[in-house]
Every structure is written in structure tokens, then in C-alpha cells.
K.L.:
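Quick one: this structure, given as C-alpha cells, is what I'll be asking you about.
Below, all heavy atoms of this structure are taken into account, side chains as well, without hydrogens, waters or symmetry copies.
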Amino acid sequence: QSTVTTQIQALERELKVALFERNGKKAALSAAGEEFREYAYEMVKCEEMALEHFSNEKEPAGHIKIGVMETICASRYGEIFKQFLKKYPKVRLTTVVATTLECMDMLEKGTLDVILTVDKIINRPYWERAHMLDTEICFFCSSSHPFASGEPVTLDQLIRERFIQIEEGCNYRKAFEQYLASQGKSVVNIQEVGYTRMIIDCVGENVGISLLPKFTLTEALRQKQIAIVNVKDYSFSMYMQVIYSKNKWTTPALRAFLEMTKEYLV
């Protein structure tokens, strides 16, 4: 830390500006620091471009840092990571499983190269959306539940059930609860858990009902462990998105990863 502090102080003297606003042990970028960060991104990008230009590597290599929702990892899309490493053995992946907001924050700070998330359409000035896929968010119940018949149920009937939900702050849960709040309604959550497989298993055992992106339910539906609830006059969808920052150089390894995700998001 002392070395980093010395380097920052030397940089501030050279630029004749304060890059950080310091308050005791806390520090945040100043307005000048925010402005200089754009130059820093360009300098790092130029370095990476030069290294790539003079590299003798005949196939993608290096390190990619990926942020992904647990919901995606728990589905068939988790196969992307395994297949990518099999195809490109010289690439090293760091995969961070986090909520959408956490992934977005890390991408903004430059600690991630790319994120895979399910949300409403995300737009930021310096972000690029490589791929996008419309994704239905489904309510589901045990195959032995009365709602499994496929007969339409009203929203009021639905919310009288006990809910098992993904952790608070998850975007599709938040969208559902915001809609209910606008109607002066709410649900009773008997369990909150950040593991999709546990939610599906609990619902399959008729402990409660839940909602998840439909792509996570494929196997449980095939095994008739669960059933989709046909909710009358209410449905919603979001988008699976692969997003990277234009502030960073898109390395051959990252380009290869983006191309592989395209094969799966169909």
C-alpha cells in the first residue's frame, strides 16, 4: 500500500491536481481523478494492443475476469465456461458469481472484463452489449400442486401462496415486488436463498412456489418435478445480456469468449 500511495502522490505532483478526495482513511476519486481515469484506460488499452501486436501466440491466451449471475451458472448456460476452457486451454478464467448490481459495479470499476446477466436492457455510455436474448420469467409450483393443472390463476390467488425467493435485490424478484407494491399488494416469503437449485428442489417438494427465468427450469420440467403456473393477466420477461466495457482493449481471449457466448444465446 505504501508503494501505491507513493506512486499516486508522484502522479498528482506531475499532473498538478489531486486525483483523490481524502477523508481520514477513506478516499474517493476527485473530479480530476474521474477525468484522468479515462486517460488511464486509454494507456492500459494501448499497452495491451502493443503486447498483442508483438505476441507470437497463435491462439487466444491470457486472463479473462467474468461476472455472472448464479441463476445463469445453474442453467445449461453454465456449460459455456467448461466448453470455452476445453477449446482454449491457454486462457485462464476468473468467474465471479454475483448479483447484477454487483457485477455492474465491478465492470464499472474495471475489475471485470465482461458480465453475463438477466435484467431489463442495460445501457451505459462506455459499455457494449455483445449479445442479448429475450428471457421469460416464470412462476412455478410442484407438479402435485393444484396450480399445476394449467388452469389460469389470478394474481390474487398466486400471492396467497407461500413464496421461496431468490435473495433480496435480485432484479426479477425486485421487478415483481415493485409491481405488487404499485397495486398495494405483497407476498409472504418463507425462504430467501441465493441458490437456484435449492429453490427448485424446495418447490418440487411442495414447500412453496417461486419465480425464476424459464431457462433454469428446463430439466426440472422435463422430469415433471415442477410445473409452470399459468397466471392470468400478468407476465413479464427480461433479457439475458453479455456486456463488456469499451474502456478496455478487447483481447483475442475476450473476443473468443464473446463469440462462444453467441453460439449459446440462440
K.L.:
Can a donor-acceptor pair be found, under 3.5 Å and without considering hydrogens, that links the side chain of D233 to the backbone of T154?
P.N.:
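No.
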K.L.:
Do K174 and Q178 make a side-chain contact, defined as non-hydrogen atoms from C-beta onward lying under 4.5 Å apart?
P.N.:
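They are in side-chain contact.
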K.L.:
Tell me whether R129 at atom CZ has more than 12 heavy atoms from other residues, nucleotides or ligands lying less than 6.0 Å away.
P.N.:
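Enclosed.
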K.L.:
Under a single-linkage definition using a 4.5 Å side-chain heavy-atom cutoff for Ile, Leu, Val, Met, Phe, Trp and Tyr, are I66 and V91 assigned to the same hydrophobic cluster?
P.N.:
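Looking at the clustering, V91 is in the same group as I66.
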K.L.:
Count the heavy atoms of every other residue, nucleotide or ligand shown that sit under 6.0 Å from CD of E38, and state whether that count exceeds 12.
P.N.:
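Buried by this count: over 12 neighbours within 6.0 Å.
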K.L.:
Would you please classify the geometry between the F176 ring and the Y234 ring as parallel, tilted or perpendicular, with 30° and 60° separating the classes?
P.N.:
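Tilted.
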K.L.:
With a 4.5 Å cut-off on side-chain heavy atoms, are E161 and H145 touching?
P.N.:
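They are in side-chain contact.
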K.L.:
Please check if atom CD in E34 has more than 12 non-hydrogen atoms from other residues, nucleotides or ligands closer than 6.0 Å.
P.N.:
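Result for CD/E34: enclosed.
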K.L.:
Would you give the length of the straight line joining atom CD of E151 to atom CG of N230, rounded to the nearest 0.5 angstrom?
P.N.:
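It comes to 8.0 Å.
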K.L.:
Is it true that the side chains of E263 and Q83 contain a donor and an acceptor less than 3.5 Å apart?
P.N.:
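There is no such pair between these side chains.
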K.L.:
Is D156 atom CG crowded by more than 12 heavy atoms from other residues, nucleotides or ligands, each under 6.0 Å away?
P.N.:
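Yes, enclosed.
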K.L.:
Taking side chain as C-beta onward, heavy atoms only, is F163 less than 4.5 Å from L158?
P.N.:
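Touching, per the 4.5 Å side-chain cut-off.
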K.L.:
Can you confirm whether the side chains of S245 and Y41 place a donor and an acceptor under 3.5 Å from each other?
P.N.:
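No, no side-chain donor-acceptor contact under 3.5 Å.
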K.L.:
So, the side chain of Q165 versus the backbone of I199: is there a donor-acceptor pair under 3.5 Å, distance only?
P.N.:
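Flag not set: sc Q165 to bb I199 has no pair under 3.5 Å.
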K.L.:
Between V68 and V97, is a side chain to side chain contact (heavy atoms under 4.5 Å, CB included) present by the stated rule, with each step listed?
P.N.:
CA-CA 5 Å; V68 60; V97 180; 4.3 Å; yes
K.L.:
Could you tell me if the side chain of R37 sits less than 4.5 Å from the side chain of L19, heavy atoms only?
P.N.:
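They are not in contact (no side-chain heavy atoms under 4.5 Å apart), so the answer is no.
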K.L.:
Is there side-chain contact between D113 and K65, with heavy atoms separated by less than 4.5 Å?
P.N.:
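With C-beta onward as the side chain, the pair touches.
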K.L.:
Could you check, using the six-membered ring where one of them is a Trp, whether F257 and F84 have ring centers closer than 6.0 angstrom?
P.N.:
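Yes, the ring centres sit under 6.0 Å apart.
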K.L.:
Between CH2 of W249 and CG of L254, what distance do you get to the nearest 0.5 Å?
P.N.:
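Spacing of CH2 (W249) from CG (L254) equals 11.0 Å.
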K.L.:
For atom NZ of K262, decide whether the heavy atoms of other residues, nucleotides or ligands shown that lie under 6.0 angstrom number more than 12.
P.N.:
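12 or below, so no.
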K.L.:
Please check if the number of heavy atoms outside K224 that lie under 6.0 Å from its NZ is greater than 12.
P.N.:
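No, NZ of K224 has 12 or fewer neighbouring heavy atoms, counting only those of other groups under 6.0 Å.
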K.L.:
Do T135 and K214 have side chains that get closer than 4.5 Å, going by heavy atoms?
P.N.:
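No, too far: nothing below the 4.5 Å cut-off.
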K.L.:
Say whether I137 and I164 are linked into one hydrophobic cluster, either directly or through other cluster members, by side-chain heavy-atom distances under 4.5 angstrom.
P.N.:
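Yes.
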K.L.:
Passes side chain to side chain contact (heavy atoms under 4.5 Å, CB included), V242 versus Y264? Steps please.
P.N.:
CA-CA 11 Å; V242 181; Y264 280 80; over 6 Å; no
K.L.:
Quick check on F236: does its CZ atom have over 12 non-hydrogen neighbours (other residues, nucleotides or ligands) under 6.0 Å away?
P.N.:
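Above 12, so yes.
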K.L.:
Can you tell me how far CG of D134 sits from CE of M240, rounded to the nearest 0.5 angstrom?
P.N.:
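Nearest 0.5 Å value for the CE-CG distance: 11.0 Å.
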K.L.:
Just wondering, do F20 and I8 contact through their side chains at under 4.5 Å, heavy atoms?
P.N.:
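Answer yes - side chains close enough.
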K.L.:
Return yes if some donor-acceptor pair links the side-chain N/O of E70 with the main-chain N/O of T196 below 3.5 Å, else return no.
P.N.:
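Flag set: sc E70 to bb T196 pair under 3.5 Å.
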K.L.:
Mark yes or no for whether R162, through its side chain, and V207, through its backbone, hold a donor-acceptor pair below 3.5 Å.
P.N.:
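Checking the backbone N and O of V207 against the side chain of R162, a donor-acceptor pair under 3.5 Å is found.
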K.L.:
Keeping the roles fixed (side chain from R255, backbone from T250), state whether a donor-acceptor pair exists under 3.5 Å.
P.N.:
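Present.
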K.L.:
Distance alone, cut at 3.5 Å: any donor-acceptor contact between the side chains of T100 and T117?
P.N.:
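Judged by distance alone, the side chains do pair up.
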K.L.:
Short question: side chain of Q241, backbone of Y239 - any donor-acceptor pair under 3.5 Å?
P.N.:
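Between the backbone of Y239 and the side chain of Q241 there is a qualifying donor-acceptor contact (under 3.5 Å).
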K.L.:
Quick one: CD on Q7 to OG on S2, what's the gap to the nearest 0.5 Å?
P.N.:
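Q7 atom CD to S2 atom OG measures 10.5 Å (nearest 0.5 Å).
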K.L.:
Out of curiosity, S75 OG to F215 CZ, how far, rounded to the nearest 0.5 Å?
P.N.:
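So the OG of S75 and the CZ of F215 are separated by 4.5 Å.
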K.L.:
Checking H131 side chain against L258 main chain: does a donor-acceptor pair fall under 3.5 Å?
P.N.:
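Checked: pair present.
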K.L.:
Answer yes if L221 and L212 sit in the same cluster of Ile, Leu, Val, Met, Phe, Trp and Tyr residues linked by side chain heavy atoms under 4.5 Å apart, and no otherwise.
P.N.:
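Hydrophobic grouping puts L221 with L212.
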K.L.:
To the nearest 0.5 Å, how far apart are CD in Q223 and OG in S143?
P.N.:
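Q223 atom CD to S143 atom OG measures 11.0 Å (nearest 0.5 Å).
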K.L.:
F140 versus I200: any side-chain heavy-atom pair under 4.5 Å?
P.N.:
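Yes, at least one pair of side-chain atoms sits under 4.5 Å.
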K.L.:
Would you indicate whether M132, at its atom CE, is surrounded by more than 12 heavy atoms from other residues, nucleotides or ligands within a distance under 6.0 Å?
P.N.:
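Counting other residues, nucleotides and ligands, CE of M132 exceeds 12 neighbours.
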K.L.:
Should F139 and I190 be regarded as members of a common hydrophobic cluster, given that ILVMFWY residues are connected when their side-chain heavy atoms come within less than 4.5 Å of each other, either directly or indirectly?
P.N.:
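The answer is yes; both residues are in one hydrophobic cluster.
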K.L.:
Salt-bridged, D105 to K109, with N to O below 4.0 Å?
P.N.:
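Looking at D105 and K109, the cut-off is met.
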